[in-house]
Amino acid sequence: MNKTYISKRRQWRFAVIVFQLIAQTSMWIFVLAHGMYSEKPFDFSKISWLVRDTTWFSIQTIYRQVPLLGKHYFGDLQVYFGFVADPNPYLGDRVINPPIPPFGLSFYSLLNVWSAHLGLAMYIALAVLCSALVTRLWLKAESLAIQATAYCGLVLLNTSVLMSVDRGNILLIVLPIIGYLFFKTLHFQNLSGTDALLFAIAISLKPYFALIVIFFVFERKYQFVFRTIVYGLISNVLSATLYGDSLFDITRTILRSQTGYNNSDSLLFSIRFSTSAFRVLFDCANLFWDREYAIHFFENSHLMVSLPGVMYLALVVIICSRRKIPMWVRMISILSTSQMVVAASPRYDLSWCFIGALVLLQQSKKLDDVSTDSIPGNEMTIAIICATGFVIGGLPFEISKSLSPLIWMFMVSVVCVIYLNPGRKRSQAQLDIF
Amino acid sequence: MIFKNQKSIGGVLLCLFLLASFWEINLSPNFNKKIFASQTTNHVTDIKTEVICSALQNSLNESPVVFNFHLQIPRDQNDYTVFTLDEQTGNYSFVVNEQRQIVFYVNKQNRGYELTDLGSEFYREIAQRQKNIDGSSINDLIDVGIVFETLDKKGEKIIQISAYGGAPSPSTIKIDVPRNVISTSACKYQGRMGVELPGSEVGLEITVMDPSTTMRTIALRRSSVALMALSFLIFNILCMRIKLRNVENLASDE
């Protein structure tokens with residue numbers, strides 16, 4: 001019986017991987033047909049685009065970026081290299097302040113010790129290594145061929161992932177850390193001090209991953225959360241001494257930078273490039289109103305820009321709080337907040353799908369745990385929605401930017417309806433009695 | 001038990017090592033000397049002087065590169081002079097441009113520098129402003145600019161600027177050293193620019209350095225906490241490995 005069940009799961013897993021691979025390969029054919037490289041900055045319709053970001057230390061100071069590899073600027077890396085060379089990047093008079101805490105900046109500084117070019121080489125090597133290791137970890141029961149196929153489909157041919165690498169974004173190093181922690185939570189239930197330090201590093205590099213703490217709190221990993229907070233605080237206090245400003249001012253600057261992405265301050269960027277829950281609301285507004293009027297409406301309301309993300313987060317918190325919901329569903333829900341909550345989340349934030357897909361393709365912990373010979377219908381429904389979401393994340397930007405957030409909104413709504421609807425619960429209970 | 005003791009001793013030694021490294025990298029005065037030029041010991045304690053440095057780096061095709069300094073000098077300090085001093089060559093001076101900025105020219109003629117000594121105009125400018133504007137308690141702001149000659153890709157240099165002399169507390173002196181990866185092969189300079197008062201002086205110390213050593217030092221300094229965290233992680237992973245091996249050995253013995 002168990003063998004049949006495992007076989008079905010494997011069958012589905014293999015089908016999803018192949019489907020993902022086909023979708024990504026089609027995307028690549030589309031990209032190649034339309035030209036891979038765009039001369040337009042932030043052109044998400046192409047696989048790679050020109051980035052001419054500048055790092056401003058003050059109104060008079062501009063650091064000019066240079067292409068690090070061919071035409072590629074790897075903007076985020078150079079922006080942060082600029083920050084770490086600034087004696088006080090958190091000063092209020094800077095045009096752009098780092099949106100991450102000092103401990104995160106110290107890692108960028110480590111990359112930049114020798115030169116920007118060597119830093120880039122280290123960054124790419126780490127991104128490839130970390131993503132390969134976490135893929136192998138999640139699929140270690142599978143054959144090497146399936147592992148390699150999954151790696152190609154989820155990482156090497158995934159346009160969101162490639163865009164994040166082209167952008168010089170550190171997501172592909174941070175996400176494997178989250179993937180590793182989820183793997184340990186799912187399979188061992190025990191998270192050590194080392195894991196807490198890893199999580200503190202991940203949050204310092206990408207502060208919005210702090211939302212994942214919600215998942216660990218509801219998983220009752222209190223000691224782990226406490227250790228993460230302690231390690232994070234100590235590391236950041238030590239690092240703050242190197243950046244010439246008080247910890248209070250640094251915190252205020254980071255909060256200001258972070259909130260700027262979730263209100264009208266970045267509205268024009270959000271309208272063009274957002275792939276978050278805000279996109280769903282804006283598209284709805286566009287259906288009924290003129291575009292100019294919609295922009296004017298959101299311009300005047302910070303609340304309306306951040307509201308969809310907050311509502312999405314509230315739904316995810318409810319999902320995470322219900323331990324009856326399968327853990328993989330809760331994991332995918334909390335992971336999706338990295339794309340959905342912040343209004344200005346751009347295309348490369350869809351890279352989280354790479355870890356989400358690994359969670360979806362998980363193997364059962366023990367064969368003995370399996371008591372049925374089929375996948376439950378509820379789980380199957382959610383899995384299909386998630387798989388569609390992951391595939392759509394790799395489609396051309398014009399399609400994915402509206403569809404992807406819609407699917408994730410749909411997914412959490414379906415989870416809430418299936419698992420939290422009191423009417424369904426009652427009928428289920430009655431069925432159980434009979 | 002033995003493993004526990006080993007781990008504790010190892011942990012304490014690692015912590016001590018990391019703390020010592022952190023102190024050496026970040027707090028040791030010897031280390032700082034390697035980065036910044038030596039500070040003068042003259043102190044001005046009876047005036048408030050604000051030094052704000054900023055820089056504008058144009059693209060490689062444009063020239064020149066301008067560094068602007070704002071020296072905020074109290075209006076009630078009449079007996080002062082603005083000076084520049086080149087410790088290496090003496091090949092420079094400053095002028096006042098239309099925006100009352102002191103402009104310091106450097107180019108490749110005349111062994112790399114073009115000299116224009118118009119310091120007296122600068123003094124007259126200050127005197128004129130003091131006569132026209134009433135209210136001695138208001139600080140006077142002098143903008144100082146350094147203009148560098150056309151740049152090229154070779155021979156990148158770093159301009160390191162620090163304040164010296166200075167005010168009694170850090171809040172009254174703001175030092176805003178720009179990144180300054182400027183590409184100027186012509187620029188080779190170390191000197192001072194500032195305000196001289198009776199018996200003391202306040203100003204900027206400007207040093208052009210080789211980025212391959214200086215930037216690396218600053219980057220190393222700032223990455224020390226990351227290095228500590230990574231060392232801690234590696235240490236813990238090694239400990240876990242040893243523990244696993246011990247458990248396996250015990251199991252095989254039994």
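Computed from a prediction, not measured in an experiment: that's the story for all the values here. Reminder, nothing fancy here: chain letters follow the sequence lines and each chain counts from 1.
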Query raised in the report: Between B:Leu230 and A:Leu110, is a side chain to side chain contact (heavy atoms under 4.5 Å, CB included) present by the stated rule, with each step listed?
Result: CA-CA 11 Å; B:Leu230 289 176; A:Leu110 189 59; 3.6 Å; yes
Query raised in the report: What is the distance from atom OG of A:Ser106 to atom CG of B:Leu227, rounded to the nearest 0.5 Å?
Result: 8.5 Å
Tell me, side chain or backbone of [X] under 4.5 Å from chain B's heavy atoms, or both, or neither?
X	result
A:Phe107	both
A:Leu105	neither
A:Tyr108	neither

Which heavy atom in [X] sits nearest to a heavy atom in [Y], and how many Å separate them?
X	Y	answer
B:Met228	A:Leu238	CE-CD1, 4.1 Å
B:Ala229	A:Leu197	O-CD2, 3.7 Å
A:Ser109	B:Arg222	OG-CB, 3.3 Å

Requested in this report: Sort out for me which of A:Leu198, A:Asn236, A:Ile201, A:Thr194 touches chain B most, counting heavy-atom pairs under 4.5 Å.
Outcome: A:Thr194
